[in-house]
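One structure is given below, encoded as structure tokens.
For reference, positions follow the sequence shown, starting with 1.
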Amino acid sequence: MSSSIVNLLDPIFFSSMHLPSDIKVLPSEQLEAVDLTQAIEDKPKYEKQLKKWQQRMLQVQQAYFRQGKRALIVFEGWDASGKGGAIRRLTEKLDPRGFTVYPIAAPDPIEQAKHYLYRFQTKLPAPGGIAIFDRSYYGRVLVERVEEFAKPNEWQRAYQEINEFERLLADDDVRIVKVFLHISGDEQLKRFKERLHNPIKRWKLTEEDIRNREKWDDYHVAINDMLKFTNTNHAQWQVVPGNRKWYARIAVLKAVVKAMEAGVDTSIPELDEAVVKAAEKALGES
């Protein structure tokens with residue numbers, strides 16, 4: 001055998017090469033500890049906060065674009081917990097060319113024939129872009145677990161698979177932000193009834209939503225397990241109280257902005273001298 005061939009089992013080889021970062025599972029907030037009474041009662045205060053945090057979100061988006069950074073924002077939550085409304089407020093003032101929202105439904109037959117992470121890998125953000133998943137690969141340990149679409153050995157090993165997937169992205173300099181919107185069973189029932197009797201919102205209520213409600217306790221256990229086993233140093237969960245929509249929307253904006261700002265220069269850059277000189281010459285600006 002040629003001496004130029006590297007023995008990959010040689011510990012000396014491993015000690016001199018770059019390896020994936022360590023995965024550390026951190027303490028996580030469980031649903032029972034979430035204070036669902038938090039609220040913003042004053043509309044002018046809500047609108048002032050909304051304007052402030054939307055402006056900061058736009059500044060973050062611009063910084064990511066200029067620096068070629070990538071971000072993945074994952075939304076999970078109970079049915080009718082307000083994911084759509086939170087995503088709308090998060091993206092309302094952004095440049096639409098710089099983000100994509102992916103509403104995740106059941107996989108099609110082709111996707112079902114492949115690894116469950118495949119269809120998410122094809123939606124990862126390009127440099128300077130933000131990808132937003134409205135539901136995500138966490139369906140493996142939520143709906144697929146509870147509804148028995150995945151076998152126990154499949155969803156049980158998914159915790160580590162997902163942690164490794166997110167570690168892979170983080171090591172490749174993708175910023176991952178994960179939001180779970182939590183509401184009470186009573187609040188969900190109230191919103192279901194509102195959707196049923198509101199022609200504009202009626203399309204949001206499905207038979208599947210109603211069936212899922214019957215398995216509330218099973219989903220509660222699955223969600224807590226998800227939070228417990230996938231809250232890592234690479235991608236921590238932000239559990240947002242969702243009973244009060246104004247509060248939840250501001251809380252989501254704050255959580256996403258702060259997570260994306262961490263360690264990133266989001267200051268507005270100075271004018272490019274070359275652009276200034278060109279403007280002076282061509283536009284008569286001085």
Side-chain angles (χ1 to χ4, degrees), residues 40 44-77 82-104 120-136 166-181 233-238 240 245-286:
I40 297 175
K45 180 180 179 180
Y46 162 69
E47 291 176 339
K48 181 178 179 181
Q49 289 285 303
L50 183 65
K51 181 178 180 180
K52 170 189 173 181
W53 289 101
Q54 285 182 332
Q55 181 59 41
R56 277 181 65 172
M57 185 64 204
L58 174 60
Q59 195 167 333
V60 168
Q61 183 197 30
Q62 293 173 342
Y64 272 62
F65 177 77
R66 290 194 303 269
Q67 299 170 38
K69 293 185 174 296
R70 295 168 289 161
L72 172 62
I73 305 174
V74 173
F75 278 88
E76 290 288 349
K83 295 183 295 298
I87 291 171
R88 282 197 297 275
R89 273 68 182 186
L90 178 69
T91 61
E92 191 172 25
K93 302 300 182 182
L94 300 185
D95 187 327
R97 297 169 295 180
F99 71 89
T100 304
V101 178
Y102 296 100
I104 304 300
F120 301 99
Q121 292 169 328
T122 63
K123 297 176 175 64
L124 295 176
I130 302 170
I132 301 173
F133 289 169
D134 183 355
R135 297 200 184 277
S136 69
E166 291 178 342
R167 186 257 303 274
L168 178 152
L169 296 179
D171 282 356
D172 201 39
D173 201 27
V174 177
R175 182 63 53 89
I176 307 167
V177 186
K178 302 187 299 193
V179 176
F180 186 88
L181 278 160
N233 53 317
H234 299 106
Q236 297 183 44
W237 279 105
Q238 312 286 339
V240 174
K245 291 183 179 181
W246 288 353
Y247 178 87
R249 291 164 183 171
I250 300 302
V252 167
L253 270 162
K254 284 183 180 181
V256 172
V257 167
K258 289 182 177 181
M260 291 183 65
E261 281 181 341
V264 176
D265 180 8
T266 60
S267 59
I268 298 174
E270 299 292 332
L271 274 173
D272 188 319
E273 287 297 326
V275 174
V276 173
K277 291 180 181 180
E280 290 175 348
K281 180 178 181 181
L283 306 176
E285 291 289 331
S286 59

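- Val177 has its side chain out of reach of Gln236: every pair of non-hydrogen atoms, C-beta onward, lies at least 4.5 Å apart.
- Side-chain atoms of Arg135 and Phe75, non-hydrogen and from C-beta on, never get closer than 4.5 Å to each other.
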Checklist entry - Stepwise, does the salt bridge (charged side-chain N to carboxylate O under 4.0 Å, His left out) test hold for Glu166 with Lys178? => result CA-CA 11 Å; Glu166 291 178 342; Lys178 302 187 299 193; 3.1 Å; yes
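- Put simply, CD on Gln49 and CD1 on Ile40 are 6.0 Å apart, with the number rounded to the nearest 0.5 Å.
- Residues Arg70 and Asp172 have side chains in contact (heavy-atom distance under 4.5 Å, counting atoms from C-beta outward).
- Nearest heavy-atom pair, Pro125 versus Ala71, reported as atom, atom and distance to 0.1 Å: CG-O, 3.4 Å.
- With a 4.5 Å cut-off on side-chain heavy atoms, Glu280 and Val276 count as touching.
- The shortest distance between side-chain heavy atoms of Phe133 and Phe120 falls below 4.5 Å.
- Atoms CG and CG, from Leu72 and Leu169 in turn, are 6.5 Å apart once rounded to the nearest 0.5 Å.
- Using a 4.5 Å heavy-atom threshold, the side chains of Ile250 and Trp53 count as touching.
- The two residues Ser267 and Arg66 have their closest heavy-atom pair at O-NH2, 3.1 Å.
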Item to check | side-chain contact (heavy atoms from CB on, under 4.5 Å) between Val264 and Tyr64, worked out | outcome: CA-CA 8 Å; Val264 176; Tyr64 272 62; 4.0 Å; yes
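- Distance check: Glu47 CD to Lys52 NZ gives 16.0 Å after rounding to the nearest 0.5 Å.
- Leu181 CG to Arg249 CZ: the interatomic distance, rounded to the nearest 0.5 Å, is 10.5 Å.
- Contact record, Asp95 with Arg97: OD2-NH2, 2.7 Å, taken as the closest heavy-atom pair.
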Item to check | Chi angles and distances behind the side-chain contact (heavy atoms from CB on, under 4.5 Å) call for Val252, Arg89 | outcome: CA-CA 9 Å; Val252 167; Arg89 273 68 182 186; over 6 Å; no
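- For Lys277, the NZ atom counts as loosely surrounded, since its 6.0 Å shell holds 12 or fewer non-hydrogen atoms of other residues, nucleotides or ligands.
- Residues satisfying the side chain to side chain donor-acceptor pair (under 3.5 Å) criterion with Thr122, sequence neighbours excluded, are absent altogether.
- In this structure, the side chain of Gln67 does not engage the main chain of Gly128 through any donor-acceptor pair within 3.5 Å.
- Between Val179 and Val74 there is no side-chain heavy-atom pair separated by less than 4.5 Å.
- When atom types are taken as modelled, the side chain of Arg175 and the backbone of Ala259 share a donor-acceptor pair closer than 3.5 angstrom.
- The pair Asp173-Lys69 meets the salt-bridge criterion, with a side-chain N (NZ, NE, NH1 or NH2) lying under 4.0 Å from an Asp/Glu carboxylate O.
- Counting all heavy atoms, side chain and backbone alike, Ser136 lies closest to Glu76 at OG-OE2, 2.7 Å.
- No donor-acceptor pair closer than 3.5 Å links the side chain of Gln54 to the backbone N or O of Leu90.
- Contact check on Arg56 versus Glu261 returns a salt bridge, with a Lys/Arg side-chain nitrogen under 4.0 Å from an Asp/Glu carboxylate oxygen.
- In this structure, the side chain to side chain donor-acceptor pair (under 3.5 Å) partners of Asp171, at least two apart in sequence or on a different chain, are Ser21.
- Side-chain contact between Met57 and Val256: present, with at least one pair of heavy atoms (C-beta onward) separated by less than 4.5 Å.
- The CD atom of Gln59 sits 5.0 Å away from the OG1 atom of Thr266 when rounded to the nearest 0.5 Å.
- Remark: Tyr102 OH is packed, more than 12 non-hydrogen atoms of other residues, nucleotides or ligands lying under 6.0 Å away.
- In terms of heavy atoms, Leu58 sits closest to Lys93 at CD1-O, 3.6 Å.
- With sequence neighbours excluded, the residues that form a side chain to side chain donor-acceptor pair (under 3.5 Å) with Tyr247 are Gln38.
- Taken to the nearest 0.5 Å, the CG atom of Leu94 stands 4.5 Å off from the CD atom of Gln61.
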